[in-house]
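Values reported hereafter were calculated over all heavy atoms of this structure, with side chains retained and with hydrogens, waters and symmetry mates removed. All chains are named by letter (A, B, ...) in the order of the sequence lines, taking the proteins before the strands, and each is independently numbered beginning at 1.
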Amino acid sequence: MQRLTIERTRSTLAVDFDPQGVLRMHGESYPENSLKFFQPVLTWLEEFLAAAGPDRPLRADLDIVYFNSSSSKALMNFFDMLDEAARGGAPVTVVWRYHEENEIARECGEEFAEDMEAVCFEMAPYGDGGANGA
Amino acid sequence: MIDKLHDFYENLAEDGVVFCFSGPATQGVLESIGEALKRKLELEAAGLTATQRVFSLFVELMQNIIRYSAERAECGSAEPFDAGPADGPANIPGEDCRSGVVVVGRSDARYFVLCGNVGPLDRCLGIRDAIAMLGAMAPEELKAHYKRMRRETRSPESRGAGLGLIEMARQSSEPLQCHVKPLGSETAFVSIRAVG
């Protein structure tokens, strides 16, 4: 599998998916066409999950400051795929990073977490110093 | 118009307008104004959550206009616009439909976002009905509705009151307001107001 990297723009996320099983995304997501932006992201994950064994660990490290409603839909697809892998036995962790004063980002993380059955979803607030490790 | 510009400027200031845009709404315009808006709110020490809330309302309202116009461009040639007032500009389907007006202002301690655009009458009335329906829902109902719609398989860009309106209804600290002004038999001007 090739590493997937996408440069950050003002309205799209930086993406760095490592075939070793670490998936990083950060930035803001409100493109005109979210489906188009997320298509290669979701395709990569689909192929990764198909190729990986059922016990292959996976970690998504996310620091998404803001996303619009159509990106929310694409992210839900992303999380559903991770949850399905986790239900199939893969150890899947999601680290949801957010600024401690960004209530909306916290609530959004919590709402995704509520919809996950088997993923280990970690809420990771950070201060003005920024997100370590994201 | 040069003699009226100062009055125009003063009127905006009186209404607490922080930003006002009228013209072709594109993703590029959205990103530029959005960035300036965030800086302005930061300067006013609005706080991160309030800034994000206003920005979120602004993005959804702007993209509502942009999305509209995309739909109109596709179906515009088959169904020409009502010409509107005789002394108004020519209504060229697929061209002027990108136009909209967006206003961000401050009233007391809160920011409001207003957006308006011309659209097909039935679609405008559909938005008005959807906003009335969302306005009658309690926060927990809105949340459940949002989560349900987020998992729907149809495209969020498709017709009907989509996720964007629900998101706005959730973020707005007051119920969304919607006004539809018919412009002839097939088109209307729809205005939406949200409060950060």
Exercise. Side chain, backbone, both or neither: which part of A:D115 has a non-hydrogen atom closer than 4.5 Å to chain B?
Worked result: both
Problem set entry | Interface residue of largest heavy-atom contact number with chain A, from B:K143, B:R53, B:M168, under 4.5 Å | B:K143
Exercise. Hey, would you say the B:F55 and A:Y66 ring centroids sit under 6.0 Å apart?
Worked result: yes
For this session: Output yes when A:E114 and B:K147 qualify as a salt bridge under the 4.0 Å nitrogen-oxygen rule, no when they do not.
Result: yes
For this session: Can you check whether anything in residues 32-39 of chain B gets within less than 4.5 Å of chain A, heavy-atom wise, and list it by number?
Result: B:S32, B:E35, B:K38
Seminar exercise, completed: Bottom line for A:E28: the part with an atom under 4.5 Å from chain B's heavy atoms is side chain
Seminar exercise, completed: Minimal heavy-atom distance between A:P19 and A:R56, with the atoms involved, is O-NH2, 2.6 Å
Exercise. B:L48 and B:L41: same hydrophobic cluster, using ILVMFWY side-chain contacts below 4.5 Å?
Worked result: no
Exercise. Does B:D15 have any side-chain hydrogen bond (donor to acceptor under 3.5 Å, both in side chains) partners at least two apart in sequence or in another chain, and if so, which?
Worked result: none
For this session: Name the option with the most non-hydrogen atom pairs under 4.5 Å to chain B; the candidates are A:E101, A:E111, A:E103.
Result: A:E111
Exercise. Does one hydrophobic cluster hold both A:V22 and A:L49, with members joined at side-chain heavy-atom distances below 4.5 Å?
Worked result: no
Problem set entry | Contact class of A:Y98 relative to chain B, heavy atoms under 4.5 angstrom | neither
For this session: Would you check if A:R97 and A:D61 make a side-chain contact, meaning some heavy-atom pair closer than 4.5 Å?
Result: yes
Problem set entry | Lys/Arg N to Asp/Glu carboxylate O, B:R151 vs A:D80, below 4.0 Å | yes
Problem set entry | Region of B:E167 in contact with chain A, defined by heavy-atom distances below 4.5 Å | side chain
Problem set entry | Same apolar cluster: A:I104 and B:V113, side chain cutoff 4.5 Å | no
